[in-house]
Novice: 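Pasting a structure here, questions to come.
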Amino acid sequence: MAVWHRLLGVILVVGSTTGIGQVHSAPASSPYPANTLHPLPAWFVDVAAQAGLQMQNVNGELNTKKYIIETTGSGVAVLDYDRDGWPDIYLVNGDALQTGSAQSKESHPTGHLYHNNRDGTFTDVTRSAGLTATGWGQGACVGDYDNDGFDDLYVTYYGKNRLYHNERNGTFKEVTASAGVAGSGSEWGSGCTFVDYDRDGKLDLMVANYVHFDSKTAPRPGEGLMCVWKGVPVMCGPRGLDSTPNVLYHNLGGGRFANTSKSSGIEKTNGHYCLGVSTVDYNRDGWPDIYVACDSTPSILYRNNKDGTFTDVAVDAAVAFDEDGREQAGMGATIADFNGDGLPDIFKTNFSDDTSSLYQNNGDGTYTSKIFEAGLGLNTQYLGWGVMFFDMDNDGWPDLLLANGHVYPEVDTAHLGATYKEPRLVYWNQGNGKFKDISRTAGPGCTEPESSRGLAIADFWNDGRLSAVINNSGAKPFLLVNEAANTNQWIGISTVGTRSNRDGIGATVSVFAGGRKLMQEVRSGSSYLSSSDLRLHFGLGATSKVDRIEVDWPSGLKELFNVPSVGRIVTLTEGSGTAPADSPN
């Protein structure tokens with residue numbers, strides 16, 4: 001018999017015989033309510049100011065960029081750090097170049113942690129949470145690396161990276177040195193992801209590195225072939241700068257990690273300028289693989305060899321280049337089954353004067369470029385960064401949101417056919433393998449130009465509407481809420497591992513409803529240097545009933561779950577479901 005508790009409009013079901021460990025129903029009233037005055041499928045409004053997201057991002061000078069470190073911006077992470085069932089936000093921050101006398105510690109910016117107040121607002125809890133460390137921050141990823149039930153935070157930097165352990169009392173403790181995951185300090189950390197690559201139940205850590213950069217020796221704008229763009233002197237790089245290999249840390253337990261970059265083969269892909277990192281079981285063998293978007297060099301697809309090693313198969317899988325075999329300047333990437341065939345596809349953002357990339361999974365370990373067939377080959381004037389597949393109208397098909405912004409402020413004054421601040425792009429998935437560009441009619445939150453970088457997605461209000469938080473370079477963030485009402489159904493899913501890692505990162509969840517199979521993977525990281533809500537969100541269209549849910553856990557266990565109703569967030573705990581008839585487990 002289930003025991004019921006009611007807390008602030010959220011219904012919790014504990015010990016249900018359905019195998020559902022916990023159920024969160026939609027609150028009686030939602031902040032920023034949707035209405036029928038706005039056109040479907042989306043009308044995005046930026047509510048960051050009224051929600052209390054006031055962090056001023058700093059990434060070098062505003063009007064000119066002398067060095068590449070000033071251009072890459074910062075990511076954002078979504079995590080429920082206090083386990084109250086409401087997603088919170090961590091915004092990574094950069095720094096300014098030191099000029100003249102040395103800056104005091106107090107004058108350096110910090111990242112900011114915002115606590116979700118459940119009423120549409122957030123409170124800045126950075127200081128009380130112990131996250132006041134400074135440095136030129138880049139990206140962030142979220143994962144419960146010690147399986148204590150509270151998510152931890154890893155932040156990459158230009159310099160030494162930092163691992164923050166969640167102390168389970170609203171505070172974090174930096175444990176980088178004792179954990180052994182700081183790096184040497186000479187690398188430039190970019191994207192990261194927690195991933196249990198050997199499926200031992202403990203989350204490991206993959207960290208991408210961008211370039212080797214030293215402001216003391218780096219050339220200045222115009223001082224070389226790689227320091228001129230369309231005839232205008234600009235900051236130099238990444239071409240012409242040395243690369244640094246990526247890093248893989250194996251979780252030993254007890255709060256310690258071992259650097260397995262060499263033995264695993266991860267560092268063999270030197271010569272790449274790596275940014276966004278996404279895990280994906282691309283060949284559906286149950287072992288997590290890793291895709292890395294690379295700038296001005298071929299992208300990487302690390303195939304998991306199931307023995308603790310990886311092999312870069314991006315060229316053979318046809319995800320290293322564009323359809324003409326050319327290198328692209330990749331920034332961020334996102335993974336989803338965009339065409340409903342049950343296989344994970346890849347979308348990647350690239351530099352301006354080029355298309356984005358859409359790779360459709362063929363089911364045989366290879367991909368086919370579908371960027372033009374899908375209607376996504378236009379808008380080449382924009383420079384893309386953060387990107388996420390997400391179902392903005394709950395119709396059961398993943399849509400796309402892209403954050404854009406140029407790296408050269410000089411494009412405004414030199415009239416080079418682009419602008420430094422750019423709008424967001426919104427593509428609506430029509431369910432037939434094609435997308436429709438609705439960017440100009442998707443609301444002021446998309447059309448207001450800004451130089452955006454990191455992007456993460458979450459159901460911040462637990463009401464079935466996905467919102468986006470975007471970290472803007474040299475500006476305050478966006479919090480985009482969709483205020484276009486629809487009558488489609490939805491279900492949210494939180495995974496809890498027991499044999500697997502506590503977050504269930506790496507689990508594949510398939511929802512069977514309305515004659516369709518909807519598939520997603522639980523992942524840390526992705527987008528551009530960002531980490532979205534670890535809970536999965538499935539739009540169901542007009543279907544008001546879920547037939548069943550299948551979970552392939554990282555441990556190898558396969559389970560079925562029955563859901564009593566939709567329009568709520570359910571928790572699936574490993575070991576509490578039923579085994580499929582054909583499962584050996």
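Keep in mind the model is a prediction, meaning the values are calculated, not measured. The basis for the numbers below is simple: all heavy atoms, side chains too, and nothing from hydrogens, waters or symmetry mates.
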Novice: Looking only at the side chains, is there a donor atom on one of Glu174 and Thr176 sitting less than 3.5 Å from an acceptor on the other?
Specialist: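 Note: Glu174 and Thr176 side chains meet the donor-acceptor criterion.
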Novice: We want to know whether Arg453 and Asn404 form a side-chain donor-acceptor pair, criterion being a heavy-atom distance below 3.5 angstrom.
Specialist: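 Asn404 and Arg453 do not have a side-chain donor-acceptor pair below 3.5 Å.
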Novice: Looking only at the side chains, is there a donor atom on one of Glu267 and Ser261 sitting less than 3.5 Å from an acceptor on the other?
Specialist: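 The criterion, which ignores hydrogens and geometry beyond distance, is not satisfied for Ser261 and Glu267.
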Novice: What orientation do Trp188 and Tyr210 show, parallel under 30°, tilted 30 to 60°, or perpendicular over 60°?
Specialist: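 Ring orientation, 0 to 90° scale: perpendicular.
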Novice: Measure centre to centre between the rings of Trp397 and Phe338, then say whether the value is under 6.0 Å.
Specialist: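 For Trp397 and Phe338, the ring centres are not under 6.0 Å apart.
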Novice: Would you please say whether a donor-acceptor pair under 3.5 Å links the side chains of Thr355 and Asn350?
Specialist: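 No donor-acceptor contact under 3.5 Å links the two side chains.
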Novice: Is the distance between the ring centroids of Phe213 and Tyr158 under 6.0 Å?
Specialist: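 Yes - the distance between ring centres of Tyr158 and Phe213 falls below the 6.0 Å cut-off.
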Novice: Under a 3.5 Å threshold, yes or no: a donor from one side chain and an acceptor from the other, between Gln138 and Thr72?
Specialist: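 Distance-only check passes for Gln138 and Thr72.
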Novice: Taking atom types as modelled, is there a side-chain donor on Asn394 or His537 under 3.5 Å from an acceptor on the other?
Specialist: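 There is such a pair (donor and acceptor under 3.5 Å, judged by atom type) between the side chains of Asn394 and His537.
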Novice: Would Arg162 pass as a cation-pi partner of Tyr157, given that its NZ or CZ must be under 6.0 Å from the six-membered ring centre and within 45 degrees of the axis?
Specialist: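 Satisfied, under 6.0 Å and within 45°.
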Novice: Under 4.5 Å between any side-chain heavy atoms of Leu479 and Leu53, yes or no?
Specialist: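 In contact.
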Novice: Between Thr349 and Leu402, does the side-chain contact (heavy atoms from CB on, under 4.5 Å) criterion hold? Intermediate values first, please.
Specialist: CA-CA 8 Å; Thr349 54; Leu402 284 69; 4.0 Å; yes
Novice: Pick from Asp289, Thr269, Asp312: which one makes a side chain to side chain donor-acceptor pair (under 3.5 Å) with Tyr302?
Specialist: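 It is Thr269, the one option of Asp289, Thr269, Asp312 that forms the side chain to side chain donor-acceptor pair (under 3.5 Å) with Tyr302.
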Novice: Are the sulfur (SG) atoms of Cys227 and Cys236 separated by under 2.5 Å?
Specialist: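 Yes, because the SG atoms of Cys227 and Cys236 sit under 2.5 Å apart, which meets the disulfide cut-off.
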Novice: Side chains of Tyr154 and Asn161: donor-acceptor distance under 3.5 Å anywhere?
Specialist: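 Result is yes, a qualifying pair exists.
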Novice: So, applying side chain to side chain donor-acceptor pair (under 3.5 Å) with Gln328, which one of Thr297, Asp354, Asp295 is it?
Specialist: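 Only one option passes, and that is Asp354.
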Novice: Should we say atom CG of Asn63 is surrounded by more than 12 heavy atoms from elsewhere, each under 6.0 Å from it?
Specialist: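 No, CG of Asn63 has 12 or fewer neighbouring heavy atoms, counting only those of other groups under 6.0 Å.
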Novice: Please confirm whether His406 and Phe351 have ring centers closer than 6.0 angstrom.
Specialist: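 Centroid separation for His406 and Phe351: below 6.0 Å.
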Novice: How about Tyr90 and Val76: do any of their side-chain heavy atoms sit closer than 4.5 Å?
Specialist: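 Side chain of Tyr90 against side chain of Val76, heavy atoms only: no contact under 4.5 Å found.
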Novice: Measure the spacing between CG of Leu91 and CG of Asn472 and express it to the nearest 0.5 Å.
Specialist: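 If we round to the nearest 0.5 Å, Leu91:CG and Asn472:CG are 9.5 Å apart.
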Novice: When you look at Glu450 and Lys476, which way does the salt bridge (Lys or Arg N to Asp or Glu O under 4.0 Å) test go after all the steps?
Specialist: CA-CA 10 Å; Glu450 193 48 82; Lys476 293 182 178 181; over 6 Å; no
Novice: Would you check, one step at a time, whether the test salt bridge (Lys or Arg N to Asp or Glu O under 4.0 Å) holds for Asp353 with Lys230?
Specialist: CA-CA 12 Å; Asp353 298 327; Lys230 295 186 176 182; 3.0 Å; yes
Novice: May I have the step-by-step check of side-chain contact (heavy atoms from CB on, under 4.5 Å) for Val211 and Asp242, ending in yes or no?
Specialist: CA-CA 6 Å; Val211 300; Asp242 292 334; over 6 Å; no
Novice: Suppose we call two aromatic rings close when their centres sit under 6.0 Å apart. Are Trp86 and Phe460 close by that rule?
Specialist: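 Judged by ring-centre distance (under 6.0 Å), Trp86 and Phe460 do not meet the cut-off.
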Novice: Without hydrogens or angle criteria, can the side chains of Tyr81 and Asp88 be said to hold a donor-acceptor pair below 3.5 Å?
Specialist: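 There is no such pair (donor and acceptor under 3.5 Å, judged by atom type) between the side chains of Tyr81 and Asp88.
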